[in-house]
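See below for the structure under consideration.
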Amino acid sequence: MNIYVLMKRTFDTEEKITISGGKINEDGAEFIINPYDEYAIEEAIQVRDANDGEVTVVSVGTEEAEKQLRTALAMGADKAVLINTEDDVEEGDQFTTSKILAEFLKDKDADLIIGGNVAIDGGSGQVGPRVAELLNIPYITTITKLDIDGTNVTVVRDVEGDSEVIETSLPLLVTAQQGLNEPRYPSLPGIMKAKKKPLDELELDDLDLDEDDVEAKTKTIEIYLPPKKEAGKVLDGELADQVKELVSLLHNEAKVV
Amino acid sequence: MARKILVLGEVREGALRNVSFEAVAAAKKAAEGGEVVGVLFGESVSALGAEFIQYGADRVITVEDEKLKQYTSDGFSQALLAVVDQESPEGIIFGHTAQGKDLAPRIAAKLQSGLISDVTDLEEEGGNLVFTRPIYSGKAFEKKIVTDGVIFATIRPNNIAPLEKDEAKTGDVSAVSVEIKDLRQVIKEVVRKATEGVDLSEAKVIVAGGRGVKSEDGFEPLKELANVLGGAVGASRGACDADYCDYSLQIGQTGKVVTPDLYIACGISGAIQHLAGMSNSKVIVAINKDPEANIFKVADYGIVGDLFEVVPLLTEEFKQLLVNA
Ligand SMILES: Cc1cc2nc3c(=O)[nH]c(=O)nc-3n(C[C@H](O)[C@H](O)[C@H](O)COP(=O)(O)OP(=O)(O)OC[C@H]3O[C@@H](n4cnc5c(N)ncnc54)[C@H](O)[C@@H]3O)c2cc1C
């Protein structure tokens, strides 16, 4: 089975966020594999181990994503591809990324494509379904279970807490939700092996795309931090009085009850 | 500039969801005097058209088909693309719900357009429609505009106020027939786990429990408080992982994103992934026995104490207040 994983390198949101020059300040910040893409990598490895085949992890980004791609290889993926847009794309959006990925994937005969359901930095959750539409294959988002039997597929999809059991078939794109699996940590032998696994680098040229083909349809005009919340009021005194005061504050001051 | 905006209404258990009325309000703003066209898909949905109009839509288009009884991206995208083709709107807006998140990117890809998802506000600024959306799990915000093609956005529930319902308003509700071809996905079963009663993502009051609730029974006092306030019960992942409640209650980055008027966090430490789902709530109350807990940093009001003492007292006090009100 020919399996592709769409992976994004993201800012760890555990990090403190600051802004400089109208942009999120990335200096010294920790970068990680987007946590939902980790589920996708893990699932791809499990599907390969049960069905044979090969797992290729693809990322659109800059050279710096090599580190996260190596981590994916160390987890057990077979190949990695970096589509480096550093020189060609100044400010892309989801249209840009999905167009590039679809162009890359269109002649790969992928049976299964897995991505995370959302990236924790931009939070748009668009790239998976967009890529599926561009490739004209079905997709199911936010899945928590995947069973493959030949080309028949049964998935469980999380729908705001309810679950739908859906039958579909390969080729297919799915996006991972928490609960799909427990991503493994790379093992030491895994890390050693990863160093020898192929990590190819492509640019737009290699996909017969130029900047205009992938020009963003939307533009960010401002990034800002939410107004700093004034320190909340921690009540004191006898517990019964605190409760009375709280109810009165919610009723009279905050007016939410 | 007057624009025609389509709003896809979302039907749940035979009724329009509140977020669809909020989407109409957003569309009115985006339309700048242009037409707001409500769109409804399902097996039999035309009866809902009148209410859509009372909340601000100028007219409503329905596509009724047995294959649209349940949402599937194949069914709904065929129907929506047919309506878009017929109406040539300048904009499309709907809810950033499970359905909206699944459908919108596909439509955007087909239309080769941008899509601004998870919008919490929109405003006309200097001839541009400017959309605000949270990024980095709510730790920052960005303002975005559409630079090319149709204006397309999904809005986060509970952030844009719906227009006042106008019972006297009427408008045209007309059916469009679209041939829905075979669906590549078949829904075999729906396992409903989400809360009975108030819908968590649209609730005005949420009482949420964390690992500090300690057991399934520990949620009982929280349920009572939520009942008194007409609210819903939510949870942290800590509580879900410990099996105190179902994952359908989970709030946070991986669970539901909520923006109630009042969020009462009981025995929740306030991890960043939890805050991602609730930090934009209008008023946050924290009840935690650890005065150093991170949740107090985002709380408007806090009580340091044992939730099993505080919550029942709070329930009694609210009962008194609401009886006298
Ligand atoms: C990729 C990823 C996604 C995640 N997504 C989510 C998500 O969507 N939602 C989410 O919530 N978490 C999420 N998490 C987990 C998150 O990091 C925390 O582990 C989780 O929120 C902790 O839950 P908690 O606050 O209930 O538990 P704890 O951190 O254990 O806190 C329990 C709190 O209860 C207090 N307490 C104990 N007993 C009492 C008492 N009797 N009275 C009052 N207070 C008491 C304690 O002082 C403590 O502060 C995610 C993590 C990852 C890595």
Side-chain angles (χ1 to χ4, degrees), chain A residues 11 13-14 17 19 24 93-95 98 120-126 129-130 132-134 138-142 159-169 177-179 216-226 229 232-235 239-240 242-244 246-247 249-251 254 256-257, chain B residues 73-74 97-98 101-102 105-106 108-110 113-118 135-137 139-149 184-194 201 229 247-248 253-254 256 261-262 272 282-283 296 298-305 309-310 313-314 317-318 321:
Chain A
F11 200 101
T13 41
E14 303 265 359
I17 305 272
I19 289 176
I24 300 283
D93 66 358
Q94 298 78 22
F95 170 85
S98 51
I120 60 171
D121 50 3
S124 81
Q126 295 183 26
R130 276 182 182 267
E133 173 62 29
L134 294 172
Y139 66 87
I140 316 254
T141 54
T142 57
V159 185
E160 296 178 21
D162 290 337
S163 305
E164 285 178 355
V165 182
I166 301 175
E167 286 183 357
T168 183
S169 59
Q177 169 66 313
Q178 173 201 309
K217 304 282 182 186
T218 58
K219 188 174 170 203
T220 299
I221 54 170
E222 192 187 338
I223 291 179
Y224 63 97
L225 299 179
K229 240 183 146 157
K233 194 172 199 167
V234 176
L235 308 179
L239 190 56
Q242 287 190 39
V243 168
K244 278 198 171 48
L246 176 60
V247 170
L249 285 167
L250 291 174
H251 184 60
V256 285
V257 178
Chain B
S73 78
D74 271 6
T97 57
K101 289 181 215 178
D102 193 70
R106 176 172 183 176
K110 191 81 193 174
S113 75
L115 167 63
I116 303 183
S117 36
D118 203 13
I135 50 174
Y136 295 84
S137 301
K139 283 184 164 182
F141 286 83
E142 66 175 350
K143 291 191 171 183
K144 291 198 91 166
I145 56 171
V146 172
T147 47
D148 182 28
R184 294 173 297 182
Q185 310 105 340
V186 182
I187 300 177
K188 282 286 154 191
E189 192 188 342
V190 181
V191 187
R192 295 224 179 271
K193 288 187 273 188
S201 54
L229 295 172
Y247 278 102
S248 61
Q253 190 183 286
T254 1
K256 289 182 177 149
D261 292 342
L262 175 59
I272 176 67
K282 272 147 228 147
V283 175
F296 287 115
V298 298
D300 299 276
Y301 305 108
I303 291 185
V304 177
E309 283 178 55
V310 179
L313 285 173
L314 209 49
E317 200 60 33
F318 276 123
L321 174 81

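Throughout, protein chains are lettered first and strands after them, A, B, ... in sequence-line order, and every chain is numbered starting at 1.
For Lys217(A) (side chain) and Gln94(A) (main-chain N/O), no donor-acceptor pair under 3.5 Å exists by modelled atom type. A donor-acceptor pair under 3.5 Å is absent between the side-chain atoms of Thr142(A) and the main chain of Gln177(A), judged by distance alone.
At most 12 heavy atoms of other shown residues, nucleotides or ligands fall within 6.0 angstrom of atom NZ in Lys110(B).
The residue among Asp102(B), Ile272(B), Asp74(B), Leu314(B) with the most heavy atom pairs within less than 4.5 Å of chain A is Asp102(B). Among the candidates Ile116(B), Ile303(B), Val283(B), the residue making the largest number of heavy-atom pairs closer than 4.5 Å to chain A is Ile303(B). Each of Ile221(A), Leu225(A), Leu134(A), Thr168(A) has some count of heavy-atom pairs under 4.5 Å with chain B, and the biggest count is that of Ile221(A). Between chain B and the residues Val159(A), Thr141(A), Val165(A), the most heavy-atom pairs under 4.5 angstrom are made by Val165(A). Per-residue counts of heavy-atom pairs under 4.5 Å with chain B were compared for Pro129(A), Gly232(A), Pro226(A); the largest is that of Pro226(A). Of all the listed residues (Gln178(A), His251(A), Lys244(A)), the one sharing the greatest number of non-hydrogen pairs under 4.5 Å with chain B is Gln178(A). Top candidate by heavy-atom pairs under 4.5 Å with chain B, chosen from Glu164(A), Gln242(A), Glu167(A), is Glu167(A). When Val146(B), Val298(B), Leu115(B), Leu229(B) are compared by the number of non-hydrogen pairs under 4.5 Å with chain A, Leu115(B) comes out ahead. Note: Arg184(B) leads Lys188(B), Glu189(B), Arg184(B) in heavy-atom pairs under 4.5 Å with chain A. For the set Gly302(B), Gly114(B), Ser117(B), Ala140(B), the count of heavy-atom pairs under 4.5 angstrom toward chain A peaks at Gly302(B). Ranked by heavy-atom pairs under 4.5 Å with chain B, the list Leu249(A), Asp121(A), Ile140(A) is led by Asp121(A).
Minimum interatomic distance between Ser201(B) and Glu160(A) (heavy atoms only, all atoms of both residues): OG-OE1, 4.2 Å.
Within the 4.5 Å cutoff, the side chain of Gln126(A) has no heavy atoms near those of the Ser98(A) side chain. Side-chain contact check for Val234(A) versus Val304(B): some heavy-atom pair is nearer than 4.5 Å. Between Ile24(A) and Ile19(A) the shortest side-chain heavy-atom distance falls below 4.5 Å.
In this structure, chain A has heavy atoms under 4.5 Å from both the backbone and the side chain of Ala108(B). At a 4.5 Å heavy-atom cutoff, the contact between Ala216(A) and chain B is made by backbone atoms alone. Ser113(B) touches chain A through its backbone: at least one of N, CA, C or O sits under 4.5 Å from a heavy atom, while the side chain does not. Of the atoms belonging to Ile145(B), heavy atoms from both backbone and side chain fall under 4.5 Å from chain A. Heavy atoms closer than 4.5 Å to chain A are found in both the backbone and the side chain of Thr97(B).
Thr147(B) and Lys219(A) share no donor-acceptor pair across their side chains, judged by distance under 3.5 Å alone.
Using the six-membered ring where Trp is involved, Tyr224(A) and Phe141(B) have ring planes that are parallel, under 30° apart on the 30 and 60° scheme.
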Exercise. Stepwise, does the side-chain contact (heavy atoms from CB on, under 4.5 Å) test hold for Phe318(B) with Leu250(A)?
Worked result: CA-CA 10 Å; Phe318(B) 276 123; Leu250(A) 291 174; 3.6 Å; yes
